[in-house]
Amino acid sequence: MNETAKIITTHQLDELCVKTLRFLAVDMVKQAKSGHPGLPLGSAAMAYTLWSRFLRFNPRDPQWPDRDRFVLSAGYGCALLYALLHLAGFDLPMEELKRFQQWGSRTPGHPEYGKTPGVEVTTGPLGQGFANALGMAITETMLAARFNRGVYQIVNHYTYVLASDGDLMEGVASEAASLAGHLKLGKLIVLYADNRISIEGSTSLAFSEDRLGRFAAYGWHVQRVKNGNDVREIEAAIEAARAVTDRPSFLAVHTHIGFGSPHKQDTASAHGEPQGDDEVRLMKEHFDWPQEPRFHVPAEALAQFRVPGERGAAEQAEWESERIAWALDYPEEAAEFERVMAGQLPDDWDFMLPAFAESDGPMATRMASGKALNALAGRIPELVGGSADLAPSTHSHIEGSADFEAASRGGRNLHFGVREHAMGAILNGMAVHRGLIPYGATFLVFSDYMRPPMRLAAMNRLPVIYVFTHDSIGMGEDGPTYQPVEHLLALRAIPGLIVIRPADANETVAAWRVAIGRSEAPIALVLTHQNVPVLDPGRYHDIAGGVARGAYVLMDVPTGEASDLTLVASGSEVHLALAAHEQLHAEGIRTRVVSMPSWQLWQEQTPAYRAQVLPSAQPCFAIEAGVSLGWRPYFDGVADVLGVDRFGASAPGETVMREYGFSVDNLCRRVHDLLSRRDGQGPDDPERA
C-alpha cells in the first residue's frame, strides 16, 4: 500500500470514528427524548482527536494515579463523553447508553463523579469544571514536586478541559483562568468549543470580547483552530500546546453546534432540543449512516477506539515497573505516595493537637483554629490550602512552609487571591484528584460566593475543609455587609455538608479533629472574630467527644434535681448561656446548658442519646447569633429562640451584640417570659390578655 493510500485510509477511519461518536450521541438523545445534541455533534472531532492521539488512560483501571484527567466542563454535552467511555472500553456497556437520563442508569443528564467509570468530576453548572481542572493541575504539580526524584517521574500527567462559550461567560472561569496563568501551569490545556451559539441565540447578544486576547492577557499560550472538524489541524494544535511547558494553553476550536443537522446547525435550537425523526433521518442520509439499527457501532471504529486504552494499559505497566524501581531507591517516598493516594492518615496524626486551659483565654476561635491547623500540618504533609487573600485574618497560613508559586512548586500555602468562587471549585478539583487534603478560608459572609462548588462538594462527598471566620454580628465595626446573619442556616440547608460552629478553643481543636478524620464529606468550620472564654477541660468533661456527637450537656443541674429548662446554643453564644445559667440558678430557675456545635453530627446520633441531651418533656430555649428560622421546626422541643432576624449594624462587636439582645439580662427576662407562658401566667395567656 503506497503512502497516499495510507493517508486516505487513516483519514477515512478517523471520519468513521467521529461519525460513530456523533450518532451514538444522537441516538441517546433521541431515545431519551431529552438531552443536548448540539455540542456532541459539533465537538466530536475535537474529542476524538484528544482521546485517540493524546489522552493517557487505562479503562481497566480508571483510578490509575498517573492517568491524564479529562474534564467535560460543558457537562450538558455528556452524551459525547458517555459515547467516548463506552467505545474506549470503560465499564459502561451499550445498555447504559440506551438508558440515557433514565432512573438508576450510569448515564445521567450531566456527568456525576462516582457514578460513571471514567467521569473525573461532576459538571453541569458552567465554569465549575474549568476551575476544577485548575485544582487537578495544581495537585499534579504539588505531588510531582514532592515525589519525583531524578529520572523517576512518578507524577507526570496532563489535565485537559473541553469548555464552551457558557463556561467562559461564567465569572468562576475568569477567576480560575487568571490564577492559572499566574501559576504558569503548563500541563493544563483547555479546548474551547468556539461555536458562537448559546441558548438565547448568537453569543454576540452578550459576549463579544476577544477570547484569545483575554487568555493571552491572563498569561496563557493561545491558538486558534479554524476547522473544528479537521483532525490533523486539531492534532497539530494540541501537540503545540504540549510543547509549551511554562504556561497553560487555550485552544479556540471553531466548531458548528449541531453539525450536520439540516435545519438546526448553527442555531440556538441545536443546543438542547432533541432532533425529530425527520431530522435524524436526513442527518443519517447526509453522513451516509445506516438508518437502522440505532446505536450502530462499526467494527472498524470500535477497534480503533480500543487502541488508546490498550496503549494506556501498556503505559501503566511501564509506570508500575518504574514505580517498583523508584520504591527500591526511595522507599520512604514510595510508602508516603501509597499512603496519600489511598487517603490514609499518618499514624498519630492528632498527637500534637493543642489543649487549652481557662487561663489561655479569652481567645478567638479563628486563632485557636490556626494553632490546630499548624499542629496538624506538622503531622500531615498532604494538608494544603490557603485563603481568598485573608490569611492574616483567618489564621489559615501554614507556618514554616513556602507558598505554592510558579517558582516554588513545593510550597503548601496557596494564595487564591480575592476569588472565593474559584477557590471553592479549585478545592473540589484537588479533592477528586486525590493525594492532598485541601482547605480554603474566607469570612463566613463570603460563603455566598462559594455556594455552587460547596453544593457540588457535598453532592459528591468530597473531603474539602472550609474555614469560615468572622461568624456573626459580633465582628462589629465593619457593619451589616460583613456580618453574616442567614449564612449558618444556608450552609446547614446543603445536604451532606457538615457545619461545625465551636464555642471555644478546645471545641475548635475537636472540630479540626472531626474535619481531618472524616473523609466522606466536606466540613465547614465556622469561627469567631472576637475573643471568647476558654472552656476548662477539667470542669467540662469530654469536650472532644461532645463535639464529635454534635451536641452535649455542658452544664447540668445537681444530681437528683430536675431542670426547668434547657438552654442550647452554638459558638460564642454558649458563653452567654453559661452566664445566664448562673443568674437563673440564683433566681431559683434550674437550667441545663447544651453546646450544639453541629446540627448534622447531632442528627447522626441515636434517638436515645438525643433524648438524653435534649429531653422532650421540658422546654428548650435556643440562642444563636443568626436567623432563628430552622430552630423550631428542626427541634421539636424548642419553645423560643434568641436569634438575629434582621441585618446587623456598624459598632463595636460587644455593643452590637448587646443592642440585639445578646445579654444576660435580656436572655433571663426572655426565659422568665417563656416559663410564665408555660404556666399560664404570662402576658400571652388569653385569660390575662
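Remember, predicted model here, so these are calculated numbers, not experimental data.
- The aromatic rings of F443 and H470 sit parallel to each other, their planes meeting at less than 30°, with 60° as the upper class boundary.
- Under the 4.5 Å side-chain criterion, counting only non-hydrogen atoms from C-beta, D448 is not in contact with P484.
- Applying the side-chain hydrogen bond (donor to acceptor under 3.5 Å, both in side chains) rule to D564 yields the partners R590; only residues at least two apart in sequence or on another chain are considered.
- Comment: D389 does not engage R419 in a salt bridge, judged by the lack of any side-chain N to carboxylate O separation of less than 4.0 angstrom.
- For residues 343-362, the set of pairs meeting the side chain to side chain donor-acceptor pair (under 3.5 Å) definition, not counting sequence neighbours, comprises D350-R513.
- When all heavy atoms of E175 and A422 are compared, the pair lying nearest together is OE1-N, 2.8 Å.
- In summary, R451 and E486 do not engage in a salt bridge, as defined by a charged side-chain N under 4.0 Å from a carboxylate O.
- One finds no salt bridge joining R669 and D665 here, because no Lys/Arg side-chain nitrogen approaches an Asp/Glu carboxylate oxygen to under 4.0 Å.
- Contact annotation: the side chain of F647 never approaches that of T481 to less than 4.5 Å [non-hydrogen atoms, C-beta and beyond].
- Ion pair R366/D471 not flagged as a salt bridge, since none of the NZ, NE, NH1 or NH2 atoms sits closer than 4.0 Å to an Asp/Glu carboxylate oxygen.
- The residues E624 and R492 are annotated as salt-bridged, a charged nitrogen and a carboxylate oxygen being separated by less than 4.0 angstrom.
- Using a 4.5 Å cut-off on side-chain heavy atoms (C-beta onward), Q63 and R434 make contact.
- Y660 places none of its side-chain heavy atoms less than 4.5 Å from the side chain of T655.
- Proximity of a side-chain donor or acceptor of S598 to a complementary backbone N or O of V499 within less than 3.5 Å is detected.
- Put simply, the side chain of W602 reaches to within 4.5 Å of the side chain of M596, judged on heavy atoms.
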Using a 3.5 Å cut-off and no angle test, enumerate the donor-acceptor pairs between side-chain atoms of residues 452-468 and protein atoms at least two apart in sequence or in another chain.
unit_1, atom_1, unit_2, atom_2, d
N460, OD1, T122, OG1, 2.7
N460, ND2, T122, OG1, 3.1
N460, ND2, L456, O, 2.8

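- Using a 4.0 Å cut-off between charged nitrogen and carboxylate oxygen, E382 and R339 count as a salt-bridge pair.
- T528 places a side-chain N or O within 3.5 Å of a backbone atom of T365 that can act as its donor or acceptor partner.
- With a 4.5 Å cut-off on side-chain heavy atoms, V121 and V119 do not count as touching.
- Here the shortest heavy-atom pairing between T591 and V557 reads O-CG1, 3.6 Å.
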